Amino acid sequence: MITDPATLRVLLPLPLADAYDYLPVEGLETPPGTVVEVPLGKRQMTGVVWGAGHGNVPAAKLKPIANLSSLPPLPDTSRAFIDWVANYTLTPPGAVLKMAFGSLRVIAPKKNDDYSCSQPDTNHHQPELTSDQKQAAATFIERIQARSFSATLLDGVTGSGKTETFCEAIAETLRHGRQALLLLPEIAMTAALLDRLARRFGSPPVMWHSELGDRQRRLNWHAIAQDEAKFILGARSALFLPYPDLGLIVVDEEHEAAYKQEEGVIYHGRDMAVVRAHIGNIPVILSSATPSLETVFNVQQGKYGHVILPQRFGKASMPKIETVDLRQQKMTAQNFISPPLLESLQKTIAEGQQAMLFLNRRGYAPLTLCRACGHRLQCPRCTSWLTEHKRTGQLHCHHCDYAMRLPDKCPSCAAEGRFAACGPGVERVAEEVKTRLPEARFAIMASDTLDGAQAAQELVRKMEDRELDLLIGTQIMAKGYHFPRLTLVGVVDADLGLSGGDPRAAERTFQLLQQVAGRSGRAEDSGRVLLQTTSPDHPVMQALLKGDRDAFMAAELREREAYRLPPVWRLASVTVSGTDAKEVIAFTQELATRAPQSDKLRILGPAPAPFAMLRGHYRHRLMIQSPRNINLPRVLRDWLAPIKAPRTLRIIVDVDPYSFL
Ligand code: ADP
Ligand code: ZN
């Protein structure tokens, strides 16, 4: 790129193709990173000096920057990271800057503002580590002292003390006077951890996520930017904060798909954490009881280190996992709890222990059909059935906000009163519990039945105080919680995640069920897990039964290699979406004819996305596969940049897709 040192490139937080050139003002120091106000048309905007100007517009035509902003400069690492993410995800750098800054209006400091925060005490409540934990912590401490990039998988069964161990790494970073960032996949999980971290460090970390109010957001942003906040707990967006001295990133539950941002800038929080660590030349720790195949592959390739905690802490042992073959159970169409599971629930509760019934499906029934003609009630805007919810008395689409009352007549054959609810959601399981376990004190734990973090905390308290015998819930109940009296987990439909076109279906089901199983038997009393399945021989069930994760992952890896899928191969998807189906299809076809020709690349499609319609938009898709040594973002850019999409269509590029809807 040709540059003109007499001018400045100023990146604006807008989805423009590139930064604009401006003239410097004599006497104003504006090195790269300086936040400045610049004229843009009739407006004035805040932007960041990105370097020397392009020099492609004559200086006589350029406007000077207006003045300096009151915001602190954006560190080199932050700017390099923004450029990297923009380049990799095929997003305009200004769009990434916008995300990094949140809303600048909110961020601008105010005169009353006090950014001081209570400082973590690294020795406040330091537990006596077990020898395995000590060894793991020693490895991390060594890597932190090395002050250079390293990525390490912290791999330990649920309850083995991963959290205690990475807290030692955080403490070491803080002792060096540097900032430490702990990333979580979901905000819902922060509350319980926050308390625990406050107990460990004497004061809670500074939070960063989308649900902060404007004032708190501004205070936290400045506390972090001014190196006042040392320990930060955040969602993936926290990666983009302007840390002056970040020394460590820990990615908790690194396998979680929730780390992938699916809208706006499409990026994977875990992967970008590794990139951010690389740019900042610092260590990153990826923690999980069920690591992603991506990370396992990187360990095998020697790119990541591997630290293992093989045992649960204290007297806790791993739960015993069994399957219940549903094909051999006598059950009515209205019952979803098999006799062996019912018996175990009764026994557990009678003994004063607690149980959990897991079903990863909200609502009452996932499908309502007309018994007269077989018509299925479907969302008018999505390729999706409507889920009945007793709580609201309505049928809801789980992919858009569409909802309706159950109609009196079938919209297809006009038959009255012939609708049948098919299959269970957690509300239906609760109904069954009510009739078949009338003594049991239970609660439902699902994202739509819990009103915010406080309601979740209240449920947790009730479990801890033994005011409940049984929790019935979806995946939000699967992670993080520690209920010492919980000794039985029943999985209502272990096969649920296995169907569909997602290449990670088996891996994800394994991870989710392993996490759910890990809720059981976390204290002295041993735990038991019953998986209700119609395919007990499936590799996922077998791996869970035998506790043989490594063999399962090895088999998965061979399969991915054979099908040219990640992590062995690179994959990207290009989805065209619009309201006119014909136009969408025709344009996707045109993209396909202009696709790069190379024996290294393989193009799949065009084909309708599995959700051919989503929120009223038709979706057609191409997939592109390449060996790992190909720069796939560059291939995509060379292919797509010269093509101009009509304004009625959107092209969504997803490098390393995790959602295959
Ligand atoms: P993980 O993150 O691997 O699931 P945790 O760090 O949450 O495991 O540990 C499980 C439980 O055991 C927690 O209640 C934790 O406080 C306790 N624990 C783990 N290691 C120790 C230790 N060395 N000393 C005291 N308690 C510990
Ligand atoms: Zn819908």
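Because the structure is predicted, anything quoted here is derived from the model rather than measured. Whatever order the structure lists them in is the order used to number ligands and atoms, beginning at 1.
Short contacts between ligand 1 and Glu128, defined as distances under 4.0 Å to a heavy atom of the residue, involve ligand atoms 22 (C), 23 (N), 24 (N). Taking a cut-off of under 4.0 Å to the non-hydrogen atoms of Arg196, the atoms of ligand 1 that pass are 5 (P), 6 (O), 7 (O), 9 (O), 13 (C), 15 (C), 16 (O). Of all atoms in ligand 1, numbered sequentially from 1 with element shown, those under 4.0 Å from a heavy atom of Val157 are 3 (O). Close approach of ligand 1 to Leu129 is summarised as follows: ligand atoms under 4.0 Å from at least one heavy atom of the residue are 23 (N).
The NE2 atom of His209 sits 8.0 Å away from atom CG of Leu233, with the distance rounded to the nearest 0.5 Å.
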For Leu182 and Leu193: C-alpha separation, side-chain torsions, deciding distance, then whether side-chain contact (heavy atoms from CB on, under 4.5 Å) applies. CA-CA 11 Å; Leu182 171 55; Leu193 190 61; 4.0 Å; yes

Decide side-chain contact (heavy atoms from CB on, under 4.5 Å) for Ser447 and Arg362; before the verdict, give the C-alpha distance in whole Å, the side-chain angles of both, and the deciding distance to 0.1 Å. CA-CA 8 Å; Ser447 58; Arg362 294 182 283 129; 3.3 Å; yes

Worked verdict on Glu388 versus Leu377 for side-chain contact (heavy atoms from CB on, under 4.5 Å): CA-CA 10 Å; Glu388 183 180 352; Leu377 293 179; over 6 Å; no

Worked check of salt bridge (Lys or Arg N to Asp or Glu O under 4.0 Å) between Arg143 and Glu172: CA-CA 10 Å; Arg143 288 186 187 169; Glu172 178 67 14; over 6 Å; no

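The option from Ala289, Pro484, Gly161 that lies nearest to atom 8 (O) of ligand 1, judged by heavy atoms, is Gly161.
Heavy atoms from other residues, nucleotides or ligands lying under 6.0 Å from CZ of Arg650 number 12 at most. Within a 6.0 Å sphere centred on CG of Asp465, other residues, nucleotides and ligands contribute more than 12 heavy atoms.
Neither the backbone nor the side chain of Arg312 comes within 4.0 Å of ligand 1, counting heavy atoms alone. With a 4.0 Å cut-off on non-hydrogen atoms, Pro127 touches ligand 1 through its side chain and not its backbone.
Minimum interatomic distance between His124 and Arg199 (heavy atoms only, all atoms of both residues): CD2-O, 3.1 Å.
Among protein heavy atoms, the minimum distance from atom 24 (N) of ligand 1 is reached at Phe313 CZ, 3.4 Å. Among protein heavy atoms, atom 16 (O) of ligand 1 sits closest to Glu164 OE2, 2.8 Å. Nearest non-hydrogen protein atom to atom 2 (O) of ligand 1 is Thr163 OG1, 2.6 Å. If you check which protein heavy atom lies closest to atom 14 (O) of ligand 1, you get His482 NE2, 4.0 Å. Of the protein's non-hydrogen atoms, Gly159 N, 2.8 Å is the one closest to atom 4 (O) of ligand 1. Among all protein heavy atoms, the one lying closest to atom 20 (N) of ligand 1 is Gln133 NE2, 2.9 Å.
Cation-pi geometry between Arg504 and Tyr658 is satisfied (NZ or CZ under 6.0 Å from the ring centre, within 45° of the ring normal).
The backbone N or O of Leu468 sits nowhere less than 3.5 Å from a side-chain atom of Lys462 that would complete a donor-acceptor pair.
One finds a salt bridge joining Lys134 and Glu128 here, because a Lys/Arg side-chain nitrogen approaches an Asp/Glu carboxylate oxygen to under 4.0 Å.
For atom 11 (C) of ligand 1, the nearest protein heavy atom is 4.0 Å or more away.
To the nearest 10 degrees, the Zn ion (ligand 2) sees SG of Cys400 and SG of Cys379 at an angle of 110°. For Cys382 atom SG and Cys397 atom SG, the angle they make at the Zn ion (ligand 2) is roughly 110°, to 10 degrees.
Here His399 fails the criterion, with no N, O or S atom under 2.8 Å of the Zn ion (ligand 2).
At least one heavy atom of Ser160 sits under 4.0 Å from some atom of ligand 1.
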